[in-house]
Number of protein chains: 2
Amino acid sequence: MDQTEPAKAARKRRKMQRVTMTDVAKHADVSPSTVSLYLRKPEAVSERIGQRVEHAIAELGYVPNYVAGGLAAAGSRVVSVIVPSLRNAFFSDTVTELEKLLAESRLQTLVGHTEYSATQEEALVRAALSWAPAAVVLTGTAHTQATRDLLRRNGTPVVEMWELTDDPIDQAVGFSHEDVGRRIARHFIGKGYESAAFLGARMGDDKRAADRARGFEAEMRAYGVPVQVVEDHAPASTGSAARLLDNLDSPVRAVACSNDTVALGVLFEAQRRGIAVPGELAIAGFGDLEFSAQSVPPLTTVRPSASEIAARVADCIRARDPLTATSGAGEGPRVFDTGFTFVPRESG
Amino acid sequence: MDQTEPAKAARKRRKMQRVTMTDVAKHADVSPSTVSLYLRKPEAVSERIGQRVEHAIAELGYVPNYVAGGLAAAGSRVVSVIVPSLRNAFFSDTVTELEKLLAESRLQTLVGHTEYSATQEEALVRAALSWAPAAVVLTGTAHTQATRDLLRRNGTPVVEMWELTDDPIDQAVGFSHEDVGRRIARHFIGKGYESAAFLGARMGDDKRAADRARGFEAEMRAYGVPVQVVEDHAPASTGSAARLLDNLDSPVRAVACSNDTVALGVLFEAQRRGIAVPGELAIAGFGDLEFSAQSVPPLTTVRPSASEIAARVADCIRARDPLTATSGAGEGPRVFDTGFTFVPRESG
DNA sequence: TTGTAGGCGTTATCAA
DNA sequence: TTGATAACGCCTACAA
C-alpha cells in the first residue's frame, strides 16, 4: 500500500501534466498527423499551418515524446556507444566527439562502460538493443559469442572501433595496435638502445594493449634486441609505474608503456630515483594525451587520432541511417583503417 | 524513391525479426501478461511457469522492448545525466560511478555534455525529457530560466550536483566551492607566504572555478595578503599553465590553480624555468586526480569525493523512484552537503 | 496465480 | 497539402 499509492499518484500526475501532440493539434486547429508531419518534415507543411503549429507548441510548452515516437516508427534515434571505461581519456574523447557529430544528425548518444569485461558488455548490448537503437558502437573486436549473435540476428547497424579485424560484426574503424608496438620498437632500434621492456597494465582485459606489447616484443626480437614484457593487474595509472619498474628482471635502456599515463608515472619515478631521461632511460607512451607534450622532458608517444575515429564511426552510422543517408544507403565500407602517427619527442 | 525503399525495407526487416512478448507467451503456453509480470516481478509468478517463460525467452532469443514498455508505463528507466564535459576527470568519474550505482536499481544512464554552455544544456534537457526519464541529473546550479521552468513543470525528479544552492530545482548534492578557495587560502596564510595568485581557466563558463577563485581571493584579502586572479579562456589543461604564469602582474610566492591539471602544468613550467617548488613557488590544485600524489613533488590539493557525490545523487534518485523507494518515497532531503577534504602535500 | 481488455502518444499509410 | 485510421509492443487494472 505504502508503495503503490505514491507510484500511482506519480504516474497520474505525470500523465496529467504532459502536453500531447493532440493538445497541440487542437490548439492550432489542425489534425495530429499534421503536427507530426510538421515536426518531422517542416517543408512538407504549408507555411501558414506551420506557423500555427509552431505557435501552439511554444504556447503549450509541448515536449515531444520520443518513447511513443520510437514505438510507432519501430526504431529510436538513439545510438548506443559502449566503451571499456570513461576514465580513459581516449574513450571519453571519442565519445565526446562522437556525440557532437551524431547530434548533427539528430541522433542521441547512450553511453555504457564495461570496465573491460566482455560479460558486462553483453549485458549492455542486451540493454541497448531494448531501446531499438539506430546503431550500436562497440570498442574493440573481442566480444562474447552471444554478443555477436545477438547483434547479427537483430540486424541493427554495428560499428566496432579502435581496432581492426578480418571479421567485423558489421563495420569496423580503427588501426593495428601491433603496428603501433612495432613502430615504437623500430624507433628504439634506430636509436641503438641495447635492451628494452614493455610496461603493460591490465593486458588480460585490454586486448589492444596486449597487441601493442606483442608487436613491440616481436619487432625487438626480430632485430635481436633483448626485450621483456612486464605486466600489472591494476588499471593503467601513474601509480603503477613504480611497481612495473620493480618487476623488471634486469634494468633496461628503454621502455614502451601501456599508455601515456603510465609513461608519466615512469618519468616521475625516474626523477625520484635520479635516473636521467632519456640519457639513462628512454620512455615512450601511447595516446598523445595533453600533458605528454608538456612534461619535462616531453614524452615520445603515438597519436591515435581519436577524432578521426569518431568521424569515421559517425560516417558509418549515417550511412546506415535512412534519415541521413544521401546515396543508396547501401552497404558502406566494412573496415576502415585510420592509421596512427608516431610522435617522437625528447623522452625517448 | 532511392531513399524510402531502403528505409522501408529496413523497418520491415527489423520488425519481422523481432521476437515479441506474445511470441514468448505462445511458446511458453501462457498469456502475455504473465510473461510481463514475470519479467518485472519474478517472485510473483509460480516457479513452474517462471521456468517455462525463462526457457522460452532463451529459446527465442527474446529481447524486451523498453520503448514499448516505457510508453505503456508512462515513464522509462533512463536517467539523464548532463555534465559540462566528459574530458574532465571529475565528471567522467562521477558519471562512471553513478552509472554503476544506478544499474543496481535497473536504471540506465544517458549522458550528455554541454561544453559549459547553458544554452546547450537547455537543448539537452529538452531532449532528455522527451525520453520520459526517471530522473534528470544536472551539474551545477546555473541554468537558463527556460531549463528550470521546463523541469519544474514536467515534474521529473531532478538532482543538481557538484554545487550547493538555496533554491534547488528539486534536490541538490555538492559542496561549497567558495569554501574550497578559502581553505586553500588559509593553508597558504598558515605557511606565511607573502603573496599569492589564483590561476583560473574558463571561469566565465565554469562558475564553480570562479567560486573557488572568489573564496580564495576574499580570504587572502581578509588576511591582508596581496592576491591576484589571472584567467585563461581556454579549457583547463597543463598547457595553459605557462600562459597563466606569464599573465601575472608580478611574481608571486604561491599559486592556487583551477584544478590539478593546471597545477601539473605549473609544476612542469617551474621545472623548465628552474623555479624551486615549493621553495620559491608553492602550488595547490583541486580535484586530487590520480597523478597528483605521484608527481615530484606531490601536489597539495582538495579532494571533492566524486564517489560520495555519486552515491548521494543515486540516493536522491532512488528516493524518487517508485520501483526502488523503500519507505514512503516521500520528499527526501532537498540539499546535501558532501563537503571536501584538504590534502596538503609537498608542493605547497 | 493467471488471463482479458483497453490504452499509452506517436508514426505511416492511404484517401480526400 | 491535410486528415482519418490502424498499428507499434507492452503495462495495468480488473476479473476469473
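Quick note: numbers below take in every heavy atom, side chains included, and nothing from hydrogens, waters or symmetry partners. All values derive from a computational prediction rather than experimental measurement.
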With distance as the sole criterion, is a donor-acceptor pair present between the side chains of [X] and [Y] under 3.5 Å?
X: B:S33; Y: B:S36; result: no
X: B:S117; Y: B:T114; result: no
X: B:H143; Y: B:E160; result: yes
X: B:T156; Y: B:N154; result: yes
X: A:E122; Y: A:T144; result: yes

C:dG9, D:dT12, D:dG9: which one has an atom nearest the side-chain heavy atoms of B:R40? D:dT12
D:dC8, C:dA12, D:dT12: which one has an atom nearest the side-chain heavy atoms of B:S36? D:dT12
Taking [atom1] from [X] and [atom2] from [N], how many angstroms apart are they, rounded to a whole number?
X: A:L71; N: D:dC10; atom1: CG; atom2: C1'; answer: 8 Å
X: B:R77; N: D:dC10; atom1: CZ; atom2: C1'; answer: 15 Å
X: A:R52; N: D:dT2; atom1: CZ; atom2: P; answer: 9 Å
X: A:K26; N: D:dG3; atom1: NZ; atom2: P; answer: 14 Å
X: A:L39; N: C:dA12; atom1: CG; atom2: P; answer: 12 Å

Distances under 3.5 Å between protein N/O atoms and the N/O atoms of nucleotides 1-5 of chain C, please, pair by pair.
{"residue": "C:dT2", "atom": "OP1", "partner": "B:S46", "partner atom": "OG", "Å": "2.8"}
{"residue": "C:dT2", "atom": "OP2", "partner": "B:S46", "partner atom": "N", "Å": "3.1"}
{"residue": "C:dG3", "atom": "OP2", "partner": "B:S31", "partner atom": "N", "Å": "2.7"}
{"residue": "C:dG3", "atom": "OP2", "partner": "B:S31", "partner atom": "OG", "Å": "3.2"}
{"residue": "C:dG3", "atom": "OP2", "partner": "B:T34", "partner atom": "OG1", "Å": "2.6"}
{"residue": "C:dG3", "atom": "N7", "partner": "B:S33", "partner atom": "OG", "Å": "3.3"}
{"residue": "C:dT4", "atom": "O4", "partner": "B:S33", "partner atom": "OG", "Å": "3.2"}

Within a strict 4.5 Å, meaning less than it, do heavy atoms of the [X] and [Y] side chains meet?
X: A:M161; Y: A:T94; answer: yes
X: B:W162; Y: B:I309; answer: yes
X: A:P133; Y: A:V79; answer: no

Test side chain to side chain contact (heavy atoms under 4.5 Å, CB included) applied to B:L150 and B:L129, step by step: CA-CA 9 Å; B:L150 216 50; B:L129 289 181; 3.8 Å; yes
Checking all strands, does A:M21 fall into the base, sugar-phosphate, or nothing category for heavy-atom contacts under 4.0 angstrom? base
Can you pull out the residues from residues 57-68 of chain B that lie within a 4.0 Å heavy-atom distance of DNA chain D? B:Y62, B:N65, B:A68
